[in-house]
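This report concerns only the one structure given below.
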Protein chains: 2
Amino acid sequence: MRISARADYAVRAALELAAAGDEVSLKAEAIAAAQGIPHKFLEGILGDLRRGGLVVSQRGGKGGYRLARPADSIAIAEVIRVADGPLVSVRGVRPPELSYRGPAEPLLPLWIAVRANVRKILGEVTLAHVAAARLPDDVLSLAADPEAWTNP
Amino acid sequence: MRISARADYAVRAALELAAAGDEVSLKAEAIAAAQGIPHKFLEGILGDLRRGGLVVSQRGGKGGYRLARPADSIAIAEVIRVADGPLVSVRGVRPPELSYRGPAEPLLPLWIAVRANVRKILGEVTLAHVAAARLPDDVLSLAADPEAWTNP
DNA sequence: CATTTCCCTAGTAATCCGATAGGAAAACCA
DNA sequence: TGGTTTTCCTATCGGATTACTAGGGAAATG
């Protein structure tokens, strides 16, 4: 299960905007420098966020980007969907569109369960949570287990 | 979060072997036909599973592949790791190797929590569970929610 | 009007997906 | 022993996707 560079960059850019506050506009170049994201690549991602209604932009000398809505009303899942498509996919298709045969049939409810679990976290955590370093308790308790930090 | 074709195919092939039982050998061509997987692509995947110690192979007329261990001792997570690398990665690197700056810093514990949740499911469910269509209760209850089956 | 910044289109290099091809090694059968 | 089957190894190849890069046009500011 791979989280793409697009998705990671989109969330980090949105977090910079959330941290800056609703009033201030940040330039793409400033976000790129702050997060170490290739500038032109980021411009394309910010365009997607704008078309998706998550950020608003302004050109010119005092231009830049800012969030279109309060940071505590934007879930991480939303940012990923707008920038990168479906939250969870198998071979590029969403679980409900899959069809399995024979002994692989119960694989469908399994992927559904995995997706539900991912949604539960990324749909609950908002930009405000992360930018303020105040993750919800259920997320914190998952991350508190030292075993969660080890590679198998 | 994308599950690759390799991972999906590897699990389905392993499920065919689990359903066939420990005694019987299945030919790559038979698995490919049963699951609708490109035959030569599958051969490569089965080679990885063999080198990873999950299946054993035999050449010749009565040859084929079978599981190296009982199906109830092989978790889905294991199959995915052997065939496709780390279970969860961000931009191709595992969460513990990530480093974030500024307001994106708490993104690391967030990915860790997501991974822990995915692990909990895919590390608990075995080939035997799926092949016998008897998923553990906690997985079933996640998949029982009708909302888990809808796309956002 | 000149600078800044967003915005759009194209292009590129690397990887992934899936298919194909040729053949060596090993096991079976007659 | 010889012939068949099947794994096993290498190699290639085109199309799609990913992660970028380049260049320039459009709008806002001073």
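Naming: A, B, ... by sequence-line order, numbering from 1 per chain. Values below: every heavy atom of this structure, side chains too, minus hydrogens, waters and symmetry copies.
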Ignoring hydrogens and angles, tell me if any N or O in the side chain of [X] forms a donor-acceptor pair with the backbone of [Y] under 3.5 Å.
| X | Y | answer |
| --- | --- | --- |
| A:Gln35 | B:Arg101 | yes |
| B:Trp149 | B:Ala143 | yes |
| B:Arg66 | B:Glu23 | no |

If you check every side-chain atom of [X], which of [options] has the closest atom?
| X | options | result |
| --- | --- | --- |
| B:Arg50 | C:dG18, D:dA19, D:dC9 | D:dC9 |
| B:Lys27 | D:dA19, D:dT6, C:dC29 | D:dT6 |
| B:Tyr65 | D:dA19, D:dT21, D:dC8 | D:dC8 |

Phosphate oxygens OP1/OP2 of [N]: is one of them under 4.0 Å from a side-chain N or O of [X]?
| X | N | answer |
| --- | --- | --- |
| A:Arg51 | C:dC6 | no |
| B:Lys40 | C:dT20 | no |
| B:Gln58 | C:dC28 | yes |
| A:Lys62 | D:dG30 | yes |
| A:Arg59 | D:dT29 | no |
| B:Arg6 | C:dT15 | no |
| B:Arg91 | C:dT15 | no |
| A:Ser57 | C:dT5 | no |
| A:Tyr9 | D:dC20 | yes |

Measure the distance from [atom1] on [X] to [atom2] on [N] and round it to the nearest whole Å.
| X | N | atom1 | atom2 | value |
| --- | --- | --- | --- | --- |
| A:His39 | C:dT5 | NE2 | C1' | 8 Å |
| A:Phe41 | C:dC6 | CZ | P | 17 Å |
| A:Leu42 | C:dC6 | CG | C1' | 12 Å |
| A:Gln35 | D:dA19 | CD | C1' | 18 Å |
| A:Glu29 | D:dA22 | CD | C1' | 15 Å |
| B:Arg66 | C:dA27 | CZ | P | 13 Å |
| B:Ile45 | D:dC8 | CD1 | P | 14 Å |
| A:Glu43 | D:dG23 | CD | P | 14 Å |

Checklist entry - What does A:Gly44 touch in the nucleic acid at a heavy-atom separation under 4.0 angstrom: a base, only the sugar-phosphate, or nothing? => result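 Counting heavy atoms under 4.0 Å across all strands, no contact is made by A:Gly44.
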Next on the checklist: On DNA chain D, compare the nucleotides closest to A:Asp84 and B:Gly61; which residue's is nearer the 5' end?
Outcome noted: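 It is B:Gly61, whose closest nucleotide lies nearer the 5' terminus.
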Item to check | Criterion salt bridge (Lys or Arg N to Asp or Glu O under 4.0 Å) on B:Arg69 and B:Glu78, from CA distance to verdict | outcome: CA-CA 12 Å; B:Arg69 311 196 319 248; B:Glu78 257 187 282; 3.1 Å; yes
Next on the checklist: Closer than 4.0 angstrom, basic N to acidic O: yes or no for A:Glu43 and A:Lys40?
Outcome noted: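 Salt bridge: yes.
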Item to check | Same apolar cluster: B:Leu42 and B:Val56, side chain cutoff 4.5 Å | outcome: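 Per the 4.5 Å side-chain linkage, B:Leu42 and B:Val56 are not co-clustered.
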